[in-house]
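Comments concern the structure below.
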Amino acid sequence: MDHDLESNKQNAIAFYRTAYLGDPSRAVKDYVGAEYIQHNPLVADGKQAFIDYFEEMARDYPDKSIEFVRAVAEDNLVALHTHQTWPGNEQYVTMDFFRFDHNGKIVEHWDSIQEVPSETKNGNPMY
């Protein structure tokens with residue numbers, strides 16, 4: 001089956017932005033399929049666990065922000081490269097991977113996060 005790669009990229013961004021900025025219930029309702037498998041070790045499997053985690057994050061860190069640097073899609077996967085800014089000007093680079101079902105809904109998630117260093121040995125930026 002062919003996947004609509006551009007649609008999947010836009011839906012991954014909308015899902016992430018909606019949840020990250022404080023409305024995880026809507027994100028799940030609009031963009032998640034019948035199941036939601038989570039690989040982040042800090043979040044349990046399932047839709048409700050995702051909602052609970054992001055509601056707590058919104059409550060505890062309301063002033064965080066996110067910039068979507070790039071999105072890459074292949075087959076049923078979308079990768080997002082983001083820049084997050086947290087209170088105290090903590091900067092993080094994240095890589096999120098989403099698997100889509102045959103209906104174009106997100107059903108699985110992996111991620112990795114790293115603090116943006118003040119300097120690098122190679123002089124290259126994180127993006």
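Computed over heavy atoms, backbone and side chain alike; hydrogens, waters and symmetry mates excluded.
In this structure, Val43 and Ala49 approach most closely via the heavy-atom pair CG1-O, 4.0 Å. The two residues Ala58 and Gly22 come nearest to each other via the heavy atoms CB-CA, 3.9 Å.
Classified by interplanar angle (parallel below 30°, tilted 30° to 60°, perpendicular above 60°), the ring pair Tyr36/His109 is parallel.
The shortest side-chain heavy-atom distance between Met57 and Pro24 does not fall under the 4.5 Å cut-off. At a threshold of 4.5 Å between non-hydrogen side-chain atoms, the residues Thr85 and Gln91 count as touching. Inter-residue side-chain proximity for Ile66 and His83 is flagged as unmet; no heavy-atom pair is nearer than 4.5 Å. No side-chain heavy atom of Phe50 sits less than 4.5 Å from a side-chain heavy atom of Val32. Tyr92 is not listed as a side-chain neighbour of Gln114, based on a closest heavy-atom distance of 4.5 Å or more. Under the 4.5 Å side-chain criterion, counting only non-hydrogen atoms from C-beta, Leu77 is not in contact with Phe97.
Leu80 and Met95 sit in two unconnected hydrophobic clusters of ILVMFWY residues. Membership requires side-chain heavy atoms under 4.5 Å apart, directly or through other members. A continuous path of hydrophobic side-chain contacts links Ile113 to Tyr61 [ILVMFWY only; heavy atoms under 4.5 Å]. A single hydrophobic cluster is seen to contain both Trp86 and Leu21, as judged by linkage of ILVMFWY side chains at heavy-atom distances under 4.5 Å, directly or through other members. Cluster annotation: Ile51 and Val107 are assigned to distinct hydrophobic clusters (Ile/Leu/Val/Met/Phe/Trp/Tyr, side-chain heavy-atom contacts under 4.5 Å, transitive). Connection of Phe68 to Phe100 is established within a shared hydrophobic cluster, with ILVMFWY side chains joined at heavy-atom distances below 4.5 Å, either directly or through further cluster members.
In this structure, Gln38 contributes its side chain and Asn40 its backbone to a donor-acceptor pair below 3.5 Å.
Here the CG-CD1 distance, from Asp45 to Ile37, works out to 6.5 Å after rounding to the nearest 0.5 Å. Taken from OH in Tyr31 to CD1 in Ile106, the straight-line distance is 9.0 Å, to the nearest 0.5 Å.
Taking the six-membered ring for Trp, Tyr127 and His81 have ring centres closer than 6.0 Å.
Residues satisfying the ring-ring contact (aromatic ring centres under 6.0 Å, His included) criterion with Tyr53, sequence neighbours excluded, are absent altogether.
A salt bridge between Lys105 and Asp101 is absent, with no side-chain N of the basic residue lying under 4.0 Å from a carboxylate O of the acidic one.
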Is there a side-chain contact (heavy atoms from CB on, under 4.5 Å) between Ser25 and Glu55 once you walk through the steps? CA-CA 9 Å; Ser25 293; Glu55 283 179 346; 3.8 Å; yes
Side-chain polar contacts of residues 5-16 - donor-acceptor pairs under 3.5 angstrom, sequence neighbours left out - could you list them?
from	atom 1	to	atom 2	distance (Å)
Glu6	OE1	Lys9	NZ	3.4
Glu6	OE2	Gln10	NE2	3.1
Asn11	ND2	Ser7	O	3.4
Tyr16	OH	Gln84	NE2	2.8
Tyr16	OH	Asp96	OD1	3.2

